[in-house]
Amino acid sequence: MQTFDQQFLALRKQYIEAQFGRLNPMQKQAVFHTNGPLLILAGAGSGKTTVLVNRIANLIRFGSAYNSTWLPRPATADDCAALQSALQGGPLAPGLEPMLRDGAVRPWNVLAITFTNKAAGELKERLARMLGETMGADVNASTFHSACVRILRREADRLGYPSSFTIYDSDDQQRAMKQVYKDLEIDEKFLPLKNCLGSIGRLKDQMVSPADALEAGADSRADLVARVYEAYQNKLKSAGAMDFDDLIYNTVRLLEEVEECRRYYRDRFRYILVDEYQDTSVAQFRLVYLLGCAHNNVCVVGDDDQSIYRFRGATIENILSFEQHFPGAQVIRLEQNYRSTSNILDAANCVIRNNRGRKGKTLWTENGAGAQVHHYEADSEADEAQHVAAVIGKNLREGAALRDHAVLYRMNAQSGPLETYFARSGIPYKIIGGQRFYDRKEVKDMLSYFALTANGQDDLRLRRIINEPARKIGAATVDKVAAIAAARGMSMLDVAGQAASFAELGRSAQPLAKFYGIIQQLRDLLQSGDLGEFAAQALDVTGYRAMLESQGEEGQARLENLGQLVSSMRTYADQKGEEATLSGFLEEVALISDIDNYDENADRVVLMTMHAAKGLEFPYVFILGLEEGIFPSELSRYSDEDLEEERRLCYVGITRAKKELWLCSSRSRLIFGQTRRNCPSRFLEEIDPNLLDEQGGRTPAWGGGWGQRTAQPSAGAPSWGAAPARPAPGRTARPAAWGAATAGRPAAAPRAAAAQKPAARCVYAPGDRVEHKVWGKGTIRKVTPMAGDMLLEIQFDAAGLRKTMANYTPITKIE
DNA sequence: ACTAGCCACTTTTTT
DNA sequence: AGTGGCTAGT
């Protein structure tokens, strides 16, 4: 009888292991670790998401059975035979399930914190696939901010907030701060507003209250900031609003101060997992600790080399001292990289090893060496963009998909030239970041109406829209209303509601009452109709539609944006069904970031900052602007700490690439309205030259330089030419179709002149029918040879007449 | 109260 | 370079 137990246990182990695919020994350890604190140091591309998902799935399905010898009852020969057959691919007998578990965890007792909403969604999706729809849905997976909002909505009254509190974004923060500056008579020149908001944010990240800050006040600036902090906080409180930092700060305070809550949520979240732990703040650590220190089942995953959010309060300390905070923590390192070629990985290692104070780890891979890392030195930002477009065009013709390409840069402002060239070449692209849809003025105005409908205390949102569209309520009137509200402890909306009873409002009372009537009407609409209907009606009730309709073309465009807002409200209402609330929608809007909407299945080139690219991977990656003053950024150049953060950012950027990586720098760059000449980035110099394939006119010793491109009519297609190309030392022959973008290279020019015959597949003639990825089918009208390329004028059936360069355009000939 | 025109400022990175 | 906020004029 004992013998069957032994046999069954061995089979059970095999069976459980088989459920999680191929794992290396370290990954296996992490997945089957169940109780107690765990720190996973996971290098880039080491399969940590898979580990995370599998670890949760194992907890829920098998508990600690993998490492345990416990059985609910003695095993029989039949049990062994049944499990054996399941192992060989047969179905699992239902009676066996209990025999495979030891203390399985219920899904709703698991809290998984990810960095983006998108990552949370993907985690749940993968869990649903492994465990079944309901089980997957029951796991709590969200960002810190979303998790906190959910808690705060339930418990808001304990902190003196309405449960429909408004979430302020950075624009709202600035407006609120402007008011505070006015009240306290502070000059913005004396204490820059954004600067001050930043300082207050850092204080909140460290759980410093206004009172603490007032007490600490190290110098006169800190003292002033503390006073502003206090006033700002009061302003938000009376508006029933929280900013992003408050969401975390207030949740921590709630758990610290209210024992009942602490007990409830500790019991609720018995297993906690935190991804991207290197980017957590002190406040976020406190939250994890408050929830996790009792049951001690805290698993964090991070990589100190990928810490890139120190600027917004993240401390690398959290990772470095995890073992002190959670005694007995097991530490597992995942150092095998499954993502990149060894050339790419080596380049990343070259860069990051220049940082001091690392936990220290070396990524390695069994993937092949792959192509060299390309470095292209451009003449200008336009040349850089053109080169990117040309390489993408070439890759497309060789069968790559648009979505395989990502273009990464340091600042959003760098996307401009790329847009120009991509649009010109008809390369479909998607920009992540920059101005969000919900940040557009008209959208924010409409959202302010919604917020005021949900939360009448929100004076800030009221100020924004009380005279938008114009209602003859001027600044003077608004100030009077604010004064009355302050004196009587009322909200501005309520003052407007009783405007007639305040003599000092005089003739303004009427428009004020009318405004109040509009909000009343919105409230009624909200009560009676569904959310989608409410949103649609709101456009009319507020007079916003009428205003835009009178504004011609631009108003029309804005109206379309509002149409989009209405339809996103409809979508939300349909998705949530009964649970849909206005506050819920507003919250989603406030917390959703651009990257959350990124759809990797849409076939487009994606453009974003390296920050936004964290956690993503692409076969082909371009990193632009590797110049001193751009990357590393001007502002980081004089502080070693900031420089190291830039270097980590570079490491993150490089390790996004799977197959090929292009690093670009430019000798001159037009940015912020100024042309600047920058040296190549130190990060480029740090990479072993043997790993690099140099392109672009690095040393224009002869014949190089500007104007070359147009001066060499058939500079393209050199390697099709008669002369077998002998690559210049330190360079690799570049593929033919890169055409004009690389024509300025000294080595290319003489050979190019000899090369004449373009490849047959590239010949287009007027009358040819072609198909374009975006513009659809069309007929070629005119062909003008140009710099080894051809300028095509194509009459598209649907998209009209377009001019485009043949080599940069995703077109194919059709019959 | 509204409009036009001017000036200043922005730009690191984001939930 | 472009945008947004502010002032002065109507």
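Throughout, protein chains are lettered first and strands after them, A, B, ... in sequence-line order, and every chain is numbered starting at 1.
A:Ile623 places its CD1 atom 15 Å from the C1' atom of B:dT13, with the value rounded to the nearest Å. Computed from coordinates, the A:Glu645 CD to B:dT14 C1' distance equals 12 Å when rounded to whole Å. Protein atom CG of A:Asp594 is 8 Å distant from nucleotide atom P of B:dT15, rounded to whole Å. The nearest whole Å value for the distance from the NZ atom in A:Lys444 to the C1' atom in C:dG4 is 15 Å. One atom, CG of A:Asp205, and another, C1' of B:dT15, lie 11 Å apart when rounded to the nearest Å. B:dT15 atom P lies 15 Å from atom CG of A:Asp275, rounded to whole Å. One can place CG of A:Asn412 at 17 Å from P of B:dT10, the figure rounded to the nearest angstrom. Atoms CD1 (A:Ile595) and P (B:dT13) sit 14 Å apart, rounded to a whole Å.
A cation-pi arrangement is absent between A:Arg286 and A:Tyr289 under the rule of less than 6.0 angstrom and at most 45 degrees off the ring axis.
Stacking is found between A:Phe311 and the pyrimidine-like six-membered ring of the B:dT13 base under the 5.5 Å centre-distance and 30° plane-angle cut-offs.
Within the 4.0 angstrom heavy-atom criterion, only backbone atoms of the sugar-phosphate kind lie near A:Asn467; the bases stay farther away. Using a 4.0 Å heavy-atom distance criterion, A:Asp245 is classed as making no nucleic acid contact. Looking at heavy-atom distances under 4.0 Å, A:Phe144 makes no contact with the nucleic acid at all.
The existence of a salt bridge linking A:Glu686 and A:Arg682 is excluded, since no basic side-chain nitrogen approaches an acidic carboxylate oxygen closer than 4.0 Å.
Residues A:Glu276 and A:Gln278 bring a donor and an acceptor atom of their side chains to less than 3.5 Å of each other.
Neither OP1 nor OP2 of B:dT14 sits under 4.0 Å from any side-chain N or O of A:Ser170. Here A:Ser593 reaches the OP1 or OP2 of B:dT15: one of its side-chain N or O atoms lies under 4.0 Å away. In this model, the phosphate group of B:dT15 is not approached by any side-chain N or O of A:Asn117 to a distance below 4.0 Å at OP1 or OP2.
Closest-nucleotide positions on DNA chain B for A:Ala470 and A:Glu646 were compared, and the one nearer the 5' end corresponds to A:Ala470.
Which of B:dT13, B:dT15, B:dA1 sits closest to the side chain of A:Met411 comes down to B:dT13. Counting only heavy atoms from C-beta on, A:Thr609 has its side chain closest to B:dT14 among B:dC2, B:dT15, B:dT14. When distances are taken from the side chain of A:Lys194 to each of B:dT15, B:dT10, B:dT14, the shortest belongs to B:dT10.
Annotation: A:Lys514, atom NZ; neighbour count of heavy atoms from other residues, nucleotides and ligands within 6.0 Å does not exceed 12.
For A:Tyr309 and A:Phe115, the ring centers are positioned less than 6.0 Å apart.
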